[in-house]
Protein chains: 2
Amino acid sequence: MNTLAEENYLKAIYKLSLTAGNVSTNQIAAELATKASSVTDMVRKLAEKALVNYTRYQGVSLTKAGEKVALNIIRRHRLWEYFLVEKLHFKWDEVHDMAEEMEHISSTELIDRLDAFMGHPTRDPHGDPIPDCDGNFKVTELKPVSTVEINTAGVISGVRDHSASFLQYLERQQLTIGKHIIIKEVISYDNAVILEMENTQIQISRDVANNLLIAL
Amino acid sequence: MNTLAEENYLKAIYKLSLTAGNVSTNQIAAELATKASSVTDMVRKLAEKALVNYTRYQGVSLTKAGEKVALNIIRRHRLWEYFLVEKLHFKWDEVHDMAEEMEHISSTELIDRLDAFMGHPTRDPHGDPIPDCDGNFKVTELKPVSTVEINTAGVISGVRDHSASFLQYLERQQLTIGKHIIIKEVISYDNAVILEMENTQIQISRDVANNLLIAL
DNA sequence: TTATTTTTTTAGACTTGTCTAAAAATACAA
DNA sequence: TTGTATTTTTAGACAAGTCTAAAAAAATAA
Ligand SMILES: [Mn+2]
Ligand SMILES: [Mn+2]
Ligand SMILES: [Mn+2]
Ligand SMILES: [Mn+2]
């Protein structure tokens, strides 16, 4: 149906669309580590296939059809990540690159059976929601630890930075998905945040607090 | 390391090498449903990478390095087929095309963990041996039903035709891997073969007998 | 052994996806 | 509002992999 390159572009455009309206050529180029001229070419191709809306110099947005394809790729990516962690016992910082390849395996029957085999999980190992086969998923409002008030209690539920180094850091601090925490104090000098988790206090930097998401 | 196209060529050359010495350009073209001129180009590229031995007009053979790559692809193919049948409950005639894509997922760590997850299976759903991570596997001498003598007893252990239609036929006749059979009679008129399995008699055509393999 | 057929290779072209360099459009600042 | 900086597009090229048509080599037949 769509080539591997097309799928990667659609996924990138979807991701960028979450924090912007129309997505710019340069944003896509940065996301995919490619050049703006390559993006222009590909975007024209996707527009011809009616997967994106595009007018010269105005950026792009996904059409309904394009969004459906993107959500399907994300579904596959997150289900494979879940499989790798839950069944093959990889750590959450090890699975992204493998899933990046596996998400392009095309059979929908395969992905639906994989979904059933694992009991229809709703979130991947990083806390991100797994769309169902129609592209629907529950949106839960998550907040960066850095944005909530003192004495707020919450459950660690996601990350904004998916890099291996950040995930490894969280793992070492035991700040993993599902843990209950209370925000106790913000140091005014450097905005470091002191949390309480399982009756012990942990201090995290402002950067970490920005990238760690909790459900209230 | 190697591109998808290169991997497919290496696998094809390996497969053809089993029944011939040097493999010809036309044989490879037929196996991959491509043109002889394309094969010449690719074979030159593989020769430069020292994965095949090639001299103009003389056909090709795999080098030690090329054989190792080929066996690794076959390992991945067969392990994924096993996964699809044993864990996702696909039928043995449904898995080949999916495995054809999955065999190109590159992580060796992934494949080794998949292998462990399934308990280190030694044969895929079609009875073919699964090489270990060093490319070693047990060679079992299998014989087509059409070549053994009357009153020979054996266990169905493999097929020479992997097409969905043949596998579906066998499934319908319950002639599946592991079944014990005895060759009772060959009809001289059309070489049809009469088998006994679980105390009932089954008649199969010469074509089927040619493509059904048993261990004695 | 010579002629014919078959196989293989070469030559040249096309597609997909990428790149660099230059031109055009847009955004921003004075 | 005019000039400069930035972004985006165009033009032209390249690598991988494929194809068709023609040439060369090898195999086969007379
Ligand atoms: Mn990921
Ligand atoms: Mn994830
Ligand atoms: Mn197969
Ligand atoms: Mn098989």
Side-chain angles (χ1 to χ4, degrees), chain A residues 1-17 19-62 66 69-70 73 100-101 103-106, chain B residues 1-14 16-17 19-62 66 69-70 73 100-101 103-104 106:
Chain A
M1 195 69 200
N2 302 300
T3 68
L4 187 142
E6 286 166 354
E7 291 196 339
N8 285 335
Y9 274 88
L10 290 170
K11 191 163 60 111
I13 295 165
Y14 178 88
K15 185 177 167 187
L16 294 167
S17 298
T19 48
N22 264 24
V23 177
S24 78
T25 302
N26 265 1
Q27 282 179 297
I28 300 169
E31 178 70 23
L32 293 173
T34 184
K35 295 299 151 88
S37 55
S38 306
V39 173
T40 301
D41 287 348
M42 179 56 89
V43 152
R44 289 242 297 276
K45 212 174 85 175
L46 294 173
E48 257 163 49
K49 295 180 83 170
L51 296 169
V52 300
N53 306 115
Y54 170 65
T55 37
R56 260 152 77 264
Y57 294 102
Q58 300 308 126
V60 299
S61 62
L62 293 177
V69 174
I73 301 159
E100 210 59 39
E101 288 184 61
E103 70 190 6
H104 302 291
I105 304 295
S106 58
Chain B
M1 196 68 204
N2 302 299
T3 67
L4 188 143
E6 285 167 355
E7 290 196 341
N8 285 335
Y9 274 88
L10 290 170
K11 191 162 59 112
I13 295 165
Y14 178 87
L16 294 167
S17 297
T19 47
N22 266 23
V23 176
S24 78
T25 301
N26 265 1
Q27 282 179 296
I28 299 169
E31 177 72 21
L32 293 174
T34 185
K35 296 297 151 90
S37 54
S38 306
V39 174
T40 301
D41 286 348
M42 179 57 88
V43 151
R44 289 242 296 277
K45 211 174 88 176
L46 293 173
E48 256 163 52
K49 296 180 81 172
L51 295 169
V52 300
N53 307 114
Y54 171 64
T55 37
R56 263 153 72 263
Y57 296 101
Q58 300 309 124
V60 299
S61 62
L62 294 177
V69 174
I73 302 160
E100 210 60 37
E101 288 183 60
E103 71 190 4
H104 301 291
S106 58

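Below, read A as the first sequence line, B as the second, and so on, with proteins coming before strands; counting in each chain starts at 1. In this text, all values refer to a predicted model and were calculated from it rather than measured experimentally.
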Near-strand residues of residues 28-42 of chain A, defined as heavy-atom separation under 4.0 angstrom from DNA chain D
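Close to the strand are A:Ala36, A:Ser37, A:Thr40.
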
Is [X] close enough to [N] that one of its side-chain N or O atoms is under 4.0 Å from OP1 or OP2 there?
X	N	value
A:Tyr9	C:dT16	no
B:Tyr54	C:dT9	yes
B:Ser24	C:dT7	no
A:Tyr57	D:dT6	no

Is a side-chain N or O of B:Glu101 found less than 3.5 angstrom from the main chain of A:Ser106, in a donor-acceptor match?
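Yes; judged by distance alone, with no hydrogens or angles, the pair exists.
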
Nearest-Å distance, [atom1] ([X]) to [atom2] ([N])?
X	N	atom1	atom2	answer
A:Arg56	D:dT8	CZ	P	14 Å
B:Gln58	C:dT7	CD	P	16 Å
A:Glu48	C:dT15	CD	P	13 Å
A:Glu6	C:dT16	CD	P	9 Å
A:Leu46	C:dT16	CG	P	13 Å
A:Glu7	C:dT16	CD	C1'	15 Å

Testing A:Val60, A:Leu62, A:Val69 for side-chain contact (heavy atoms from CB on, under 4.5 Å) with A:Leu51, which one passes?
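In the set A:Val60, A:Leu62, A:Val69, the residue that makes a side-chain contact (heavy atoms from CB on, under 4.5 Å) with A:Leu51 is A:Val69.
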
Would you compute the distance between atom [atom1] of [X] and atom [atom2] of [Y] and round it to the nearest 0.5 angstrom?
X	Y	atom1	atom2	answer
A:Asn53	A:Leu46	CG	CG	11.5 Å
A:Thr25	A:Tyr54	OG1	OH	5.5 Å
A:Asn8	A:Glu100	CG	CD	6.0 Å

Looking only at the side chain of B:Asn26 (C-beta and beyond, no hydrogens), which of the listed nucleotides C:dT10, C:dA24, C:dT7 gets closest?
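My answer, after comparing the listed nucleotides, is C:dT7.
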
With heavy-atom distances below 4.5 Å as the criterion, would you say the side chains of A:Asn2 and A:Lys49 are in contact?
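Yes, close enough: below the 4.5 Å cut-off.
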
Taking the side chain as C-beta and beyond, is there a heavy-atom pair between A:Ile28 and A:Thr34 under 4.5 Å?
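No, too far: nothing below the 4.5 Å cut-off.
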
